[in-house]
Each structure stands twice: as structure tokens, then as C-alpha cells.
Student: 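Shown below is the structure under consideration.
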Amino acid sequence: MNFRKQIHLKAILYLLLCWTTMAAPAVSQNISDKVWSVVENSTAQDAFWSIVVRDSTGSILENYHKAKLIRPASNLKLLTSAAVLNHLGPDFTYTTTMYGLGYQEGQTWRGDIVINGSGDPSISGDFYDGDRFHVFDKFYRTLDSLGIYKIDGNLIGNAAYLDDQPYPKGWSWEDLSFYYGVEISALSFNDNAVDLEVFANDKVGETPRIQWFPFDTDYVNFINEQVITPSNSEYDEFYRRIPGTNTIILRSTLPQGYYEKESLSVLNAPLYFMDTFKKYLEDGQIQVNGRILIENQQPISDLDEYEILAEHKSEPLKNLLKEVNKGSNNFYAEMLLKTAAAEYYKTQGSTELGISMVKEYAHSVGLDTTNIEMTDGSGMSPATLIKAADLTGLLYNMKADSIYTNTLSQPGMEGSLEHRFKNHPVRNSLMGKTGYVSGVRALSGYMKAQSGQKLTFSIVTNNYTSKTSYIDYLHEKLIKALYSKY
């Protein structure tokens, strides 16, 4: 064979080798053609994919990029919630206490009223039939029953149970205007947000009417620069809280007749709690003559001076965790993380201590903690890294814990999977947790396959440029392929 033919043959062999390498995953990945073809035949094949599936014994059936680190987005909550459940126990409750520091003289309380925060994330309407003033009303009715109609002293909010760092490291400032990026504080009301309603019922070109909860409070200042557009136009959202202030700029354009509701974050959560409580008392004709003071550093220590006037106990942890996983609530995840740290280490709760606690727990259940990177508990930080193999390992370890598995979402029923997997058998055989931040989509959980075998799975896509709805479509195709294959 002459030299030119040898070169030609080598080139052909090289091209064939490249083609076969690209056409199918490496054998060491152990991924079936049926699953691989969903990714390979998509227009999102250039994104980074990690797919791990375990059988009912924990053995890995499907393994694509098992050993690679991925950004899990809210799938991190699966680990955070498991660690919190382990350390606090399913029946743990929060106690928020109203103390009196002084004495009653006729209809006047001579002294201060102190609210001691315990980190309860549920002082809102989540568990009280939508009554967001449920706890405040309980405290008000106590004062009313004692015949106290004037407080000649200060309202003091003690938020020292948790540290005063309002956000975990790595959160984007662009997220901090919205309900999913609110402050974390031992004294928190209404998820530390105001609920804005916008009514575009006036003429085109005019400014839509707004109102907000609680009672159009002046704790926030809205600059309403929104415009009503023709009814056949599209809604274009713009909300921005000016950093370091409670001034919120509204510049949305809304089609005529449009109604919009949005929860927007506030600055200084404990002050917001106490300011709203003061307004609630005054609305009920209880006069407050003093100031609002916030204590962030010193917990209440000398209880002999304090008279317990009222206490509120939250729902048990097993119910609160449903907000973390079914509702994918960042606020609940971060509050519970700090709480578990405070209880575990017997000190002021912080995100950093919470992360140490989670990693210690992860190690105890066999996860590779040298490859887990956390800066928050909710997964909103882009610095969060974990392996899909560890997510499935965690889920397999927790599969017999019904309290834990009941916190997951079910298709067509509730939570973040409520509108997914319609008209398919997996609707009745899957429970899981979604995850989303920019460029990341994740779905992990459990599924009973067509054969009856219970699978544990994690499907994570990073660095995609396609629409998220298309990635969801591919995830659903993968789930359906796994369902019929096993």
C-alpha cells in the first residue's frame, strides 16, 4: 500500500472513530440507547446532562455523568430538608412569645411589650386558612382580654435567635426584589414580603390602580410608573426594589383589563414584623405610645423580669417541610436551615453553621461530601455543586421515611409538579422535586415503573440555551422512557 493510500485509510478510520464516539456514550457510562436517544436527538444535546437511576436495591441502572458535579438548583432542598428532619425531628415546633416587661395599671401597660422571635417561617396565612394576621390576632386578643388599651412603652422585637445576615452568600441582587429572594430573620411576617395587586381597568395610556397587603402599609413606598396598553398587547413585567431601601419601582406594561399579583420583598424583616404588629394593634384601638426597637444580638436571658402574656406554637416540622419540597419555597428552606443550626450547635443560628450541619449529615448517610459545595440551603446560589449520584443516593436512603417522601410533589395534584405529566401513567406513580435557576433544570425523585419496580432517579440539565419548557419536555420524555423500560 502506498503512502498516500495509507494516509487516506487512516483519515477514514479516524473519522469513523470520532463519529462512533459522538454517536453513543462511553460504555463506562452505562446508559441505555432508549434513554440516550432522547438527549442525542434533541436540540439541547450540547447542554450538560447528568442522569442517574437506581433500582429497588440501590444499584445503578442508568449512569450518564454520574461522577460529574452539577448545579442542582432547588434539588438541593432534598438534602437540606433531610438533614433538618434528622436533627429537629418531625414534631419540632416553633414558639413565638409575647412578653410584658412592666406592669398593668388600669387599662394601661406601663412598660414594654416584647415579641421574641424563634425563626418561625409560617407567621403568614400558609397554615391558617389564608389568615395572614392569625398570630397577630392571637396576641391582640390577649391584650384585649386583659383590658389593655394603651401601651405606655416600646414595642421590642428580639430577633437574636438567628444571626442578622439577611441573605446567604451568592444570591444575585436581581433576585432580592422578589418573594424567592426575601430576607431571613428570626422575626418574619408574610414571608417578609408585601403582596401587590395591580388593576389595569382604566384607559389605555393611563396608570393602573394598585393596592397592597398589609393594609397599604407605608412601610414600603411604591413608585408607580406602570402603563396600561391595548388589550391585545402582551404583559411585560418590571419590578425593582432600590437596594438598601423600601422604595419599589413599578414599570410594567399591562394589557387593558389585566390583573396582576406579585409578592415583593422588604428591607429589614424584623422591623417590618414589628411595624405591622403595631399597626394591627392600633387598628384594633390599642394605642402604642413608645417606639419600635429591634434587638438582633442579645437573646432574652433573665426571664424573671418578663411576664409571658401569650405564646404561639407553629405547625410541626413535618408539615412545614412540605413548603420546602412541594412548594420549593426558598424562604422556608433557609429559615429551617438556620433553625436546625441553632438547635444543633446551641448557639445563634447561621447559614454557615447550617451548611456544616448538612454536610455532617450527608457524610453520615454515605454521600461524598468532598464534592458537595454549598453556600445556601435552597440551591438558589449558582455556587452550589453536587453529584446526581449523591442526590439519588440520598433519596434511596430516605425512601422508607414516609414523613420525608410525603413532602414531595405529585404530578397533577400539588406543588411544582401539579401541571406536569398529564394523561400518562407516571402521573400516579411518581413523586419528586423540581429545580430551576437560570440555565439549570432538575427533576429528582421516585417512580414505580411499568413492571412495578420502584426507581430512584435524578435528571439534571445545566448550561442550556433552549427554552425551559423544552427542557421540561425532554425530562418528561426521559421519565416516560424509564417508566416503560423498567
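Values reported hereafter were calculated over all heavy atoms of this structure, with side chains retained and with hydrogens, waters and symmetry mates removed.
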Student: Identify, with sequence neighbours excluded, every residue that meets ring-ring contact (aromatic ring centres under 6.0 Å, His included) alongside Tyr464.
Tutor: none

Student: Is it the case that over 12 heavy atoms from other parts of the model lie below 6.0 angstrom from the NZ atom of Lys448?
Tutor: no

Student: Can you list the residues that meet the ring-ring contact (aromatic ring centres under 6.0 Å, His included) rule with Phe457, with sequence neighbours excluded?
Tutor: none

Student: Does a side chain donor of either Arg241 or Ser265 reach within less than 3.5 Å of an acceptor in the other side chain?
Tutor: yes

Student: Using 30° and 60° as the class boundaries, would you call the ring planes of Tyr280 and Phe136 parallel, tilted or perpendicular?
Tutor: tilted

Student: Between Asp120 and Ser122, does a side chain to side chain donor-acceptor pair (under 3.5 Å) hold up when you go through it step by step?
Tutor: CA-CA 6 Å; Asp120 186 354; Ser122 65; 2.6 Å; yes

Student: Is any side-chain heavy atom of Ile184 closer than 4.5 Å to a side-chain heavy atom of Leu337?
Tutor: no

Student: Does the side chain of Arg209 pick up a donor-acceptor pair with the side chain of Asn224 at under 3.5 Å?
Tutor: no

Student: Checking side-chain polar atoms at under 3.5 Å, does Tyr99 have a donor or acceptor matched by the opposite partner on Glu305?
Tutor: no

Student: Taking side-chain hydrogen bond (donor to acceptor under 3.5 Å, both in side chains) as the definition, give me every residue that meets it alongside Lys138, ordered by chain and number, with sequence neighbours left out.
Tutor: His312

Student: Is the closest side-chain heavy-atom distance between Leu394 and Leu367 below 4.5 Å?
Tutor: yes

Student: When you look at Asn406 and Ser402, which way does the side chain to side chain donor-acceptor pair (under 3.5 Å) test go after all the steps?
Tutor: CA-CA 6 Å; Asn406 284 339; Ser402 61; 4.7 Å; no

Student: How close do Leu187 and Ala159 get, heavy atom to heavy atom, and via which atoms?
Tutor: N-CB, 4.2 Å

Student: Excluding sequence neighbours, so at least two apart, what forms side-chain hydrogen bond (donor to acceptor under 3.5 Å, both in side chains) with Asn268?
Tutor: none

Student: Mark yes or no for whether Glu105, through its side chain, and Thr108, through its backbone, hold a donor-acceptor pair below 3.5 Å.
Tutor: no

Student: With sequence neighbours excluded, what pairs up with Glu476 under the salt bridge (charged side-chain N to carboxylate O under 4.0 Å, His left out) test?
Tutor: Arg420

Student: List the steps and the verdict of side chain to side chain donor-acceptor pair (under 3.5 Å) for Glu360 and Tyr344.
Tutor: CA-CA 11 Å; Glu360 183 178 319; Tyr344 185 63; 2.4 Å; yes

Student: For Lys318, give me all partners under salt bridge (charged side-chain N to carboxylate O under 4.0 Å, His left out), at least two apart in sequence or on another chain.
Tutor: Asp91

Student: Got a sec, which residues hit side-chain hydrogen bond (donor to acceptor under 3.5 Å, both in side chains) with Asp126, two or more places apart in sequence or on another chain?
Tutor: Ser124, Tyr332

Student: Using salt bridge (charged side-chain N to carboxylate O under 4.0 Å, His left out) as the criterion, list what pairs up with Lys326, not counting sequence neighbours.
Tutor: Glu414

Student: Who passes salt bridge (charged side-chain N to carboxylate O under 4.0 Å, His left out) against Asp195, sequence neighbours left out?
Tutor: Arg132

Student: Can you name the closest pair of heavy atoms from Asn75 and Ser444 and give their distance?
Tutor: OD1-OG, 2.6 Å

Student: Would you tell me whether Lys359 and Ser356 have side-chain atoms, one donor and one acceptor, within less than 3.5 Å of each other?
Tutor: no

Student: Between Ile372 and Leu79, what is the shortest heavy-atom contact and its length?
Tutor: CD1-CD2, 4.4 Å

Student: Does Tyr219 reach the main-chain N or O of Leu271 with its side chain, forming a donor-acceptor pair under 3.5 Å?
Tutor: no

Student: Measure the OG1-OH distance between Thr351 and Tyr167 for me, rounded to the nearest 0.5 Å.
Tutor: 12.5 Å

Student: Among Tyr140, Phe277, Phe213, exactly one meets ring pair (Phe, Tyr, Trp, His ring centres under 6.0 Å) together with Phe133. Which residue is that?
Tutor: Phe213

Student: Which heavy atom of Val194 sits nearest a heavy atom of Pro214, and at what distance?
Tutor: CG1-CD, 4.1 Å

Student: Using a distance-only test with no angle check, is there a side-chain donor-acceptor pair under 3.5 angstrom linking Tyr149 and Gln285?
Tutor: no

Student: Kindly indicate, with the supporting measurements, whether the criterion side-chain contact (heavy atoms from CB on, under 4.5 Å) is fulfilled by Ser378 and Trp171.
Tutor: CA-CA 11 Å; Ser378 59; Trp171 281 17; 3.7 Å; yes

Student: Show the numbers, then the answer: is there a side-chain contact (heavy atoms from CB on, under 4.5 Å) between Thr207 and Val227?
Tutor: CA-CA 5 Å; Thr207 302; Val227 178; 6.0 Å; no

Student: Do the non-hydrogen side-chain atoms of Ile355 and Val358 ever get within less than 4.5 Å of each other?
Tutor: no

Student: Under a 4.0 Å threshold between the charged nitrogen and the carboxylate oxygen, would Arg141 count as salt-bridged to Asp137?
Tutor: yes

Student: Flag the pair Gln410 / Leu417 as yes when at least one side-chain heavy-atom distance between them is below 4.5 Å, and no otherwise.
Tutor: no

Student: With a 3.5 Å cut-off and no angle check, do the side chains of Ser458 and Thr392 form a donor-acceptor pair?
Tutor: no

Student: Are the side chain of Gln104 and the backbone N or O of Leu146 linked by a donor-acceptor pair below 3.5 Å?
Tutor: yes

Student: Could you report the tightest heavy-atom contact between Ser74 and Asn330, atom names first, then the distance?
Tutor: OG-OD1, 4.1 Å

Student: Distance only, no hydrogens: is a donor on one side chain within 3.5 Å (strictly under) of an acceptor on the other, for Tyr235 and Glu260?
Tutor: yes

Student: Please check if any side-chain donor atom of Lys313 sits under 3.5 Å from a side-chain acceptor atom of Thr95, or the reverse.
Tutor: yes

Student: For atom CG of Asn289, decide whether the heavy atoms of other residues, nucleotides or ligands shown that lie under 6.0 angstrom number more than 12.
Tutor: yes

Student: One pair to check against salt bridge (charged side-chain N to carboxylate O under 4.0 Å, His left out): Asp218 and Lys279. What are the steps and the verdict?
Tutor: CA-CA 10 Å; Asp218 60 2; Lys279 288 179 169 67; 3.1 Å; yes

Student: Could you note down all residue pairs passing side chain to side chain donor-acceptor pair (under 3.5 Å) where residues 150-164 supplies at least one of them, sequence neighbours left out?
Tutor: Arg110-Asp152, Tyr161-Glu343, Asp163-Lys338, Asp164-Gln297

Student: Does a donor on one side chain and an acceptor on the other come within less than 3.5 Å for Tyr258 and Ser231?
Tutor: no

Student: Classify the ring geometry between Tyr361 and His87 as parallel (under 30°), tilted (30 to 60°) or perpendicular (over 60°).
Tutor: perpendicular

Student: Check whether any side-chain heavy atom of Ile292 sits under 4.5 Å from a side-chain heavy atom of Lys278, and report yes or no.
Tutor: yes

Student: Assess whether side chain to side chain donor-acceptor pair (under 3.5 Å) is satisfied between Lys433 and Ser328, documenting all intermediate values.
Tutor: CA-CA 8 Å; Lys433 174 80 192 71; Ser328 201; 2.7 Å; yes

Student: Without hydrogens or angle criteria, can the side chains of Ser381 and Asp376 be said to hold a donor-acceptor pair below 3.5 Å?
Tutor: no

Student: Which residues satisfy the ring-ring contact (aromatic ring centres under 6.0 Å, His included) test with Phe238, sequence neighbours excluded?
Tutor: none

Student: Does any part of the side chain of Asn329, heavy atoms only, come nearer than 4.5 Å to the side chain of Tyr180, both counted from C-beta?
Tutor: no

Student: Provide the closest heavy-atom pair for Val324 versus Leu336 in the form atom of the first, atom of the second, distance.
Tutor: CG2-CD1, 3.5 Å

Student: Among residues at least two apart in sequence or on other chains, which ones pass ring-ring contact (aromatic ring centres under 6.0 Å, His included) with Tyr396?
Tutor: none

